[in-house]
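Both counts, for ligands and for their atoms, begin at 1 and track the order of listing. By convention here, the first residue in the shown sequence is residue 1.
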Amino acid sequence: MCNMANNLDDDRIKRLKQTIDKKLAEVSSVTIVPHKRVDFDAIGSAIALYILVLRQKKEVNILIDDSTTTLDPGVQTILKEITTKGFNVITYEDYKKKFDKDSNLLILTDTSQQALIPIEEDIINKKIASEKIIEIDHHPFGHTTIKAKDSFIFSEYSSACEIITKMLFLSRTKFSKEIATYLYAGIWLDSNGLTKKGSNNETHKWAGRLVENNADIDKVNDLFMEDYNNNQKIQDLVSNRMNMFSYTIACLIGEDNKKYSCEDLAKAADSCLKYRVDASFAIGNIGNNIVSISARSKGNLNAGAIMEEFGGGGSILSAASKVKDEKPSEVGKRLLKTLKPNFYIDKED
Ligand SMILES: [Mn+2]
């Protein structure tokens with residue numbers, strides 16, 4: 001069921017490369033825009049695009065307007081590495097001052113949603129009108145999808161990094177070991193660690209090609225573990241506060257009187273997926289009488305549907321919700337009652 005090779009045809013990827021080449025010839029500078037709260041997939045694909053533009057001898061930069069401390073520590077490490085190497089990373093302020101002009105091309109990566117980019121809508125509308133915007137995404141259409149002419153929304157792909165990896169190989173573009181490693185990290189993140197529900201044969205094929213091209217898998221593993229290793233609260237949740245529901249669901253319930261951040265809860269839930277579980281939930285007090293639940297699933301359990309029961313939502317693999325005036329322990333008990341077998345999606349194998 002995971003072989004979707006028919007939809008993953010090479011022509012669309014080739015057309016993407018041709019469009020980038022054609023547009024590059026028309027502009028003097030390029031700004032690459034990963035989504036807000038940039039993650040491994042957004043940054044990995046942005047870096048590979050940056051190199052591609054640089055080879056065409058165009059001025060290029062990556063627009064990131066997040067405050068660095070809010071980002072995943074592994075993503076922060078990548079940002080440090082590339083700025084040390086002289087990559088031009090700019091803020092939205094910089095962009096408006098120096099690059100908001102018609103001779104600048106925007107390439108959005110890992111998103112096509114207005115709501116998820118750090119650029120105001122009137123600027124985007126001008127770019128749409130002058131056809132100086134390319135969007136590359138693997139997420140399906142949404143409420144705020146930007147209607148650009150050069151829109152490459154390939155929702156059968158695991159990740160923006162898989163799209164870009166395939167494009168680099170099909171166009172015989174050479175890239176360094178470092179770029180291979182960043183692309184691998186993006187694929188790894190969005191395919192849920194190359195698991196069955198997050199990936200298909202093609203994903204494995206392109207990930208394999210990156211390994212052939214010296215992607216450093218051990219480094220990717222270190223990047224993913226950075227948040228865990230540096231965070232006492234996450235370690236404590238995973239090591240000491242784990243409850244198992246019906247053997248396959250990990251539920252981390254924070255202490256009633258201890259405060260957690262939503263990021264910590266999300267990372268704690270993420271890190272549980274390395275165990276043999278179907279899903280994981282991290283529940284913790286985030287202050288102001290609010291308890292947050294972060295839900296992660298490997299695909300057999302619908303995290304989004306379960307979080308809807310708690311007033312939140314999300315996708316099958318990743319979801320969250322916030323609950324008022326209940327203790328984490330009480331929310332944990334309610335979750336146990338909610339986790340009925342009907343939230344399991346299929347048991348075909
Ligand atoms: Mn992505």
Side-chain angles (χ1 to χ4, degrees), residues 2 4 7-8 12-13 16 32-50 52 62-66 70-72 74-76 78-79 82 106-118 134-146 148 151-168 179-200 202-204 206-207 210 215 220 223-224 227 263 266-267 269-270 273 294-299 303-304 314-320:
C2 286
M4 296 180 275
N7 297 320
L8 300 158
R12 294 195 303 168
I13 299 283
L16 167 61
I32 296 160
V33 190
H35 60 71
K36 286 184 195 170
R37 292 205 47 203
V38 57
D39 61 11
F40 287 102
D41 189 33
I43 193 66
S45 55
I47 292 168
L49 286 163
Y50 185 102
L52 197 70
I62 302 176
L63 170 52
I64 295 177
D65 215 44
D66 300 304
T70 63
L71 300 174
D72 181 284
V75 174
Q76 290 183 38
I78 294 176
L79 279 173
I82 62 167
L106 289 180
I107 305 181
L108 273 46
T109 185
D110 199 25
T111 187
S112 46
Q113 299 286 322
Q114 175 62 48
L116 297 180
I117 56 167
I134 299 174
E135 46 187 18
I136 304 167
D137 198 6
H138 68 105
H139 301 97
F141 287 88
H143 295 302
T144 66
T145 298
I146 293 164
S151 176
F152 296 87
I153 301 178
F154 299 158
S155 51
E156 318 78 42
Y157 285 81
S158 69
S159 51
C161 282
E162 186 186 341
I163 297 169
I164 301 296
T165 299
K166 187 169 174 181
M167 184 183 77
L168 294 177
I179 303 287
T181 304
Y182 298 146
L183 286 167
Y184 192 95
I187 293 176
W188 184 260
L189 176 78
D190 277 3
S191 66
N192 244 349
L194 288 165
T195 50
K196 195 177 105 188
K197 285 286 158 87
S199 64
N200 54 43
E202 282 265 312
T203 318
H204 282 265
W206 298 114
L210 290 172
V220 171
L223 285 169
F224 276 79
D227 51 352
E263 286 77 21
K267 285 170 187 168
D270 275 337
L273 290 185
S294 197
R296 294 292 182 272
S297 162
K298 288 180 184 166
S315 69
I316 290 170
L317 302 181
S318 173

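- The minimum distance between the Mn ion (ligand 1) and any N, O or S atom of Asp110 involves atom OD1.
- Under the 4.5 Å side-chain criterion, counting only non-hydrogen atoms from C-beta, Ile43 is in contact with Ile64.
- Counting just the N/O/S atoms of Asp41, the one with the shortest distance to the Mn ion (ligand 1) is named OD2.
- Donor-acceptor pairing under 3.5 Å is recorded for the side chains of Ser112 and Asp137.
- For His35, every N, O or S atom stays at 2.8 Å or more from the Mn ion (ligand 1).
- With respect to the salt-bridge test (charged N to carboxylate O, under 4.0 angstrom), the residues Asp270 and Arg296 qualify.
- Looking only at N/O/S atoms, Asp190 comes nearest to the Mn ion (ligand 1) through OD2.
- A tilted orientation is assigned to the rings of Phe154 and Tyr157, their planes being inclined by 30° to 60°.
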